[in-house]
Amino acid sequence: IKVGNANIDTAAVDTLQIKGEAVVVPRAQYNPNTVQIPADGQHVLLHTVSMETVGNAISITISFDYIYGYIEGFIPGGITSNIKLIRDDTTIREVTFNIAINHEETNSAYGYGYLNKDFLNIPAFLDTPPAGNHSYKLYVSWDGAGQVNPTSYPLNVSGSSIQLLGVKR
């Protein structure tokens, strides 16, 4: 069917190409609020985004307006924050920050450390899932290993977002 002019109120199209190119399908979530992540090493779910794919690559971008956390006390282990993106049951991207501990005295486990990142962006990367419907989940954790009172100093995560760009052919 060749149409010169059309005014269509509602249409459902199974396959759409514009001059042979695929159509980009965006999925995104943004949370402007601050989420507090306890310093217990457990991953906290920030976002879940679903996308049906046809087996082509998906471009994924993750960003945060800021991440800030502070831990002080007896810390015989280390201080870490972990950002993890999982597709279905598979980890596809993981970034870990190892925070330097400033010790009050030489050979003492007592010290402090902090993480302070403004406008943190994890550069766009590609995931090529098999065809089907997939769930992408973004998690963040915060841990002061061995900290005496780990829940006293949460990690504040503000303005978190995830964007997926897939294609339909």
Side-chain angles (χ1 to χ4, degrees), residues 24-53 56-129 132-167:
V24 174
V25 179
R27 297 285 185 270
Q29 279 188 356
Y30 172 71
N31 181 359
N33 301 317
T34 298
V35 176
Q36 292 192 326
I37 312 294
D40 60 7
Q42 299 297 311
H43 281 89
V44 174
L45 178 64
L46 296 181
H47 296 282
T48 300
V49 179
S50 295
M51 178 174 268
E52 187 172 340
T53 66
N56 293 332
I58 294 174
S59 175
I60 302 171
T61 305
I62 298 168
S63 63
F64 304 89
D65 288 347
Y66 73 81
I67 294 179
Y68 176 80
Y70 177 83
I71 292 180
E72 180 178 1
F74 291 96
I75 311 166
I79 301 174
T80 60
S81 180
N82 180 265
I83 299 167
K84 185 187 312 191
L85 181 65
I86 296 175
R87 177 191 10 96
D88 303 326
D89 293 323
T90 304
T91 299
I92 59 171
R93 180 66 57 161
E94 192 165 11
V95 176
T96 300
F97 296 99
N98 295 303
I99 291 84
I101 300 173
N102 298 300
H103 292 283
E104 295 292 321
E105 298 176 18
T106 306
N107 299 324
S108 170
Y110 188 87
Y112 65 92
Y114 62 90
L115 174 64
N116 187 11
K117 300 283 184 188
D118 289 328
F119 303 110
L120 174 64
N121 291 301
I122 297 174
F125 59 94
L126 297 177
D127 178 41
T128 308
N133 194 23
H134 299 284
S135 177
Y136 289 82
K137 295 183 178 185
L138 179 63
Y139 294 90
V140 174
S141 70
W142 177 234
D143 187 25
Q147 162 70 12
V148 173
N149 189 359
T151 58
S152 295
Y153 306 100
L155 182 71
N156 293 295
V157 176
S158 183
S160 61
S161 68
I162 180 170
Q163 180 183 35
L164 285 67
L165 295 174
V167 297

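Any value given below was found using the heavy atoms of this structure, including those in side chains, with hydrogens, waters and symmetry copies removed. Only a predicted model underlies this, so the values are computations on that prediction, with no experimental measurement involved. Count residues from 1 along the sequence.
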Answer whether the closest heavy-atom distance between the side chains of [X] and [Y] falls below 4.5 Å.
X: L115; Y: I67; result: yes
X: Y112; Y: I79; result: no
X: V44; Y: V157; result: no
X: I92; Y: I60; result: yes

Donor-acceptor pair, distance only, cut-off 3.5 Å: does the side chain of [X] make one with the backbone of [Y]?
X: T128; Y: N56; answer: no
X: Q29; Y: T48; answer: yes
X: D88; Y: S135; answer: yes
X: H134; Y: T53; answer: no

Original post:
With N116, which residues qualify under side chain to side chain donor-acceptor pair (under 3.5 Å), at least two apart?
Top reply: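 Here no residue qualifies.
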**OP:** Determine whether more than 12 heavy atoms belonging to other residues, nucleotides or ligands lie under 6.0 Å from atom OH of Y114.
**Re:**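 It does not: Y114 OH has 12 such atoms or fewer within range.
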**OP:** State whether the number of non-hydrogen atoms from other residues, nucleotides or ligands found under 6.0 Å of K84 atom NZ is greater than 12.
**Re:**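 Enclosed.
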Closest approach of [X] and [Y], non-hydrogen atoms and distance?
X: S141; Y: S81; answer: O-OG, 3.0 Å
X: P26; Y: L165; answer: CB-CD2, 3.7 Å
X: V49; Y: L164; answer: CG1-CD1, 4.2 Å
X: S59; Y: L126; answer: CA-CD2, 3.8 Å
X: G69; Y: W142; answer: C-CZ2, 3.6 Å
X: S161; Y: H47; answer: N-NE2, 3.8 Å

Original post:
Between Y139 and H43, how do the two ring planes meet: parallel, tilted or perpendicular, split at 30° and 60°?
Top reply: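 Plane angle over 60°, so perpendicular.
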**OP:** Let me see the working for D127 and R87 under side chain to side chain contact (heavy atoms under 4.5 Å, CB included), right down to the final yes or no.
**Re:** CA-CA 9 Å; D127 178 41; R87 177 191 10 96; 2.7 Å; yes
